[in-house]
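Treat the numbers as computed from the prediction; the structure is a model and nothing was measured. All heavy atoms count here, side chains included; hydrogens, waters and symmetry mates do not.
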Amino acid sequence: LGSNPDGRTVDDFVAAVRTLLAALPKGSRVVWVGPPPMPARLAYLNQIYAAFPAAGIVPLDSRKWLSPSEAVDDHFNGAPGRAWAARVFAELAK
């Protein structure tokens, strides 16, 4: 799973994640792919990552596979985006 937490306070994000997780069938295996390092939102994303445990999630931290300097208006297009997706997929396949 993953989401775009834009426009939410960290507390609202945690509440939304808890609601989503509660709707899943018991025993579901969940991997949450955390957002990449969007330059305009770095401080906010750090807060979101810090709040994941309160939501009951240990996320796959995808920030390590991109540099904020690779973004164009907070989006990772072309080769950086494809490389990020390949790394996420490889990690999920483990």
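In this structure, the side chain of S62 does not engage the main chain of V33 through any donor-acceptor pair within 3.5 Å. When atom types are taken as modelled, the side chain of Y49 and the backbone of P59 share no donor-acceptor pair closer than 3.5 angstrom.
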For residues 87-94, please give each side-chain donor-acceptor pair under 3.5 Å, one per line with the distance, not counting sequence neighbours.
| residue | atom | partner | partner atom | Å |
| --- | --- | --- | --- | --- |
| R87 | NH1 | W65 | O | 3.1 |
| E91 | OE1 | K94 | NZ | 3.3 |

Going by atom type alone, with no hydrogens or angles, which donor-acceptor pairs under 3.5 Å involve a side-chain atom of residues 14-21 and a protein atom two or more places apart or on another chain?
| residue | atom | partner | partner atom | Å |
| --- | --- | --- | --- | --- |
| R18 | NE | A54 | O | 3.0 |
| R18 | NH2 | A54 | O | 2.4 |
| T19 | OG1 | A15 | O | 3.0 |

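The aromatic ring centroids of F13 and F52 lie less than 6.0 Å from each other.
For N77, there are no side-chain hydrogen bond (donor to acceptor under 3.5 Å, both in side chains) partners, not counting sequence neighbours. S28 is linked by a side-chain contact (heavy atoms from CB on, under 4.5 Å) to L24, P25, V30, counting only residues two or more places apart in sequence or in another chain. With sequence neighbours excluded, the residues that form a side-chain contact (heavy atoms from CB on, under 4.5 Å) with P68 are P37, P39, L42.
Every pair passing salt bridge (Lys or Arg N to Asp or Glu O under 4.0 Å) that includes a residue from residues 45-63 is listed here, sequence neighbours excluded: D61-R63. Under the salt bridge (Lys or Arg N to Asp or Glu O under 4.0 Å) criterion, the residue pairs touching residues 69-86 are R41-D74, with sequence neighbours excluded.
There is a path of hydrophobic side-chain contacts, each under 4.5 Å, that joins V31 to W84.
The two residues P36 and L45 have their closest heavy-atom pair at O-CD1, 3.1 Å. The heavy-atom pair separating F76 from S67 by the smallest distance is CE2-O, 3.5 Å.
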